[in-house]
Amino acid sequence: MTTHLTHWGAFEADSDGDRLTAVRPWRDDPEPMRLIENVASAQHHPTRVDQPYVRRGWLEDGPGAARRGNDPFVPVSWEKALDLLAGELGRVYREHGAEAVYGGSYGWASAGRFHHAQSQLHRFLNCLGGYVHHVNSYSLGVSQVLLPHVIGELGWVMQAATSKSVLAEHAELVVAFGGLSPKNAAVSPGGVSRHNVRGWIGAARARGCRFVSVTPLRDDSPAEAQAEWLAPRPGSDSALMLALAQVLDAEGLADTGFLDKYTVGYDRFIEYVRGTTDGIVKSPEWAATITGLAAERIRTLAREMAAARTMVTVSWSLQRAQYGEQPLWLGVVLAAMLGQIGLPGGGFGHGYGSAASLGEPARLFSPPRLPQGLNGVDKFIPVARIADMLLNPGQPFEYNGQHLVYPDIKLVYWAGGNPFHHHQDLARLRAAFARPDTVVVHDPFWSATARHADIVLPSTMSIERDDFGAGENDRVFFAMKAITRPHGQARDDYAILGDLADRLGIGKDFTEGRTVDEWLRHLYEEWRLHHSGHDLPDFDTFWASEHIELPVPDPDQVLGAEFRADPDQHPLTTPSGKIEIFSQTIDSFGYAECPGHPVWLEPEEWLGGPAAAEFPLQLVANQPRTKLHSQLDVGTHSQSAKVAGREPVRLHPEDAAARGLRDGDVVRIVSRRGSCLAGLIVDDGLRQGIAQLSTGAWYDPDPANPAFCRHGNPNVLTPDRPSSRLAQGCTGQLSLVDVERYEGVVPELAVNRPPATAL
Ligand SMILES: Nc1nc2c(c(=O)[nH]1)N[C@H]1C(S)=C(S)[C@@H](COP(=O)(O)OP(=O)(O)OC[C@H]3O[C@@H](n4cnc5c(=O)[nH]c(N)nc54)[C@H](O)[C@@H]3O)O[C@H]1N2
Ligand SMILES: Nc1nc2c(c(=O)[nH]1)N[C@H]1C(S)=C(S)[C@@H](COP(=O)(O)OP(=O)(O)OC[C@H]3O[C@@H](n4cnc5c(=O)[nH]c(N)nc54)[C@H](O)[C@@H]3O)O[C@H]1N2
Ligand SMILES: [Mo]
């Protein structure tokens, strides 16, 4: 029996050396997830990449994009693949320099910190002189930019977040904008040991805490919460929050003592709320017309929030939308007006339903990780500007007050991510991917991105290699021994890059002469030495044990407690040291779509706007329940959720009836960008007007039309539109669509098989 950690939980497995013969949840996990079933069932699926491949056109004609994504792959030996790739890397660095290489390589890859694919690739490219990098994530692109201006670095908001145990004990009311999704809170980057989302929510509820789940989907909060469900029009939360602020102000419920002492700029903001600046009082009646909620319920909710120990939590999804800066900022402002920031059970939180890590108390120190070296290139993009970058070399763009220029990329190198999963407007991305000379992908599977590459190198899965790892904020640090041999000719990213490094004359810099085992020992022992005094076992003892627990200094932490106790001694890291309800810095950028204090801005694609006349349904493209992103979509648990072989889309009964649609129908979803098939589930747990299609179905484009996905990937529908010039964040969560019965012959999927090969 071997224990293994994944982003979605730990499991114990037996194996015959080639495959997992039995998989059980880690015995110490109180709320195990069925996602672990995907691992064994996907390991030897035909869509595993069994050996290196080179796209035929690239092999025959050399670097260039003609037919990329529509060309058979030629199987080649490792020798040949690595020789070709080393030659091409040499050429690009020589002829165009490091600024022509995009090594952003965004993506979650697998748990296990030594073999973290993106870190390995970054280290390798740094040894070659560097690469154009990305900043921020698809998860939190807005938060990473906005929060430092407003309350503090995102890292602090996450690491120092009020513990779930404190909420369980002290919160009287949790108002969750974007819900408290139990499926999302089951996942955390790097892994989760003991799932506890239902645990803390159930305990709080049993003590009498009430939950209000503000979201278009009833199942965005677990049954344990017995939550009141409020379903405003998606994209309208900032109007709702402004109205809550208006009631607090008008009824004398705002904590002016707190606002005076701990915040700046309230006066400018509240003039806007009162309508002094634009003639519109942001009253519940005003918000009712925008959100579709009853004005009276908005008013009473504000009173309840002021009367109780209230946690205002904003999901990450709210900022993954056009003008996503606004509801996030308003979440902080509301919590400040309630005056409970720094008190147990009250205040502000960002994503108690978005990841397992939020509300896990900070560790004294994190587990060891691979050093990535220094990047010789300072050019970067905000991560979600990938297609813009590839399509607009040399063109200017703005970001967080900076004026920047897109580089001219000749080579794209990806390991551990899937842009044809994560990016919006995939037909546009495909056009962008037709620009560089060469695209290189390492992946265990024939991901959609691998299918759009020239050189495809098969990586091992985490179960096929030795590693160690722990999730963000997770106290359990696992020794992760290989459970099986690698599939086919798959190799570790480290081994692939090491052999390439040797060919390029940087072998010693990259590997430092160490094998994997030597690296694990080296990183571990260096780390242990650095933290001597904490009674950490030596490597052999750690390796022989299943896991160790990392020290946690304050299991019951409260966000902002020190700041509250002494704001002069413990100022925030914002420019003023206080919570910025008006930000001079943001105001100075002059962005109409993100002014100096939070406001209501009407998104281009929402149910209340003119675009809804043509596309009357709001697509909610949220995270999938049965997998992590696109990972292991061919696994049994993920497949068990498909409807007619397609990704399920949910519609409200009235919306289905109005279109003559029934459960199980294959439907076509269409937006201004493209269309996809999906399998219908009729469900009254949705707000009317919503079409909910999670991300994660492997992109299966019609060969004649890349804007039509036969499988149900929502990113053919979503717009490639930034949140604002401030953050340039991903806005994949929301867009307008319509749904109709698919009248044609339902096409077969090609993506569940490997791509065509040629000899
Ligand atoms: N419409 C819409 N789009 C979204 C979102 C949304 O809400 N709506 N959410 C966004 C968010 S928050 C995120 S984080 C992104 C996620 O986007 P990604 O993180 O890019 O998605 P994954 O499917 O996790 O991609 C990881 C890839 O790494 C591969 N892999 C796993 N282990 C290894 C390894 O050891 N080595 C190598 N070389 N490869 C490995 C997997 O097979 C997979 O292809 O999607 C974003 N896209
Ligand atoms: N099972 C599973 N868990 C995951 C992931 C996964 O792929 N699978 N991915 C992980 C990752 S990378 C991330 S970043 C997090 C993401 O965490 P989140 O971003 O919080 O998760 P989502 O599922 O995208 O969205 C949560 C809910 O927000 C609601 N919502 C959408 N738009 C609006 C709106 O305008 N207003 C309101 N009030 N609600 C809205 C939707 O109903 C949606 O179900 O999840 C993580 N957890
Ligand atoms: Mo994410």
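Numbering of ligands and ligand atoms starts at 1, following listing order. Quick note: residue numbers are just sequence positions, from 1.
- Of all protein heavy atoms, the one lying nearest to atom 35 (O) of ligand 2 is Gly235 N, 2.8 Å.
- Polar contact with ligand 2: absent for Ser236 (N/O pair, distance under 3.5 Å).
- Contact atoms of ligand 2 toward Leu734: 32 (N), 35 (O) (distance under 4.0 Å to a heavy atom of the residue).
- Between Val214 and ligand 2, at least one pair of N/O atoms sits closer than 3.5 Å.
- Contact annotation: for His423 versus ligand 1, there are no heavy atoms closer than 4.0 Å.
- With Tyr413 as the partner, the side-chain contact (heavy atoms from CB on, under 4.5 Å) test is satisfied by one option alone out of Ile455, Val440, Val441: Val440.
- Shortest contact from atom 20 (O) of ligand 2 to any protein heavy atom: Ser354 OG, 2.7 Å.
- The shell of residues lying under 4.0 angstrom from ligand 1, judged by heavy atoms, includes Asp443.
- Heavy atoms of Ala621 found under 4.0 angstrom from ligand 1 belong to the backbone as well as the side chain.
- Under 4.0 angstrom from ligand 1, the non-hydrogen atoms of Asn418 come from both its backbone and its side chain.
- Nearest protein heavy-atom neighbour of atom 43 (C) of ligand 2: Asp220 OD2, 3.5 Å.
- The closest approach between Thr460 and ligand 1 falls below 4.0 Å for a heavy atom of the residue.
- Residue contacts with ligand 1: Trp414 is excluded, as none of its non-hydrogen atoms falls under 4.0 Å.
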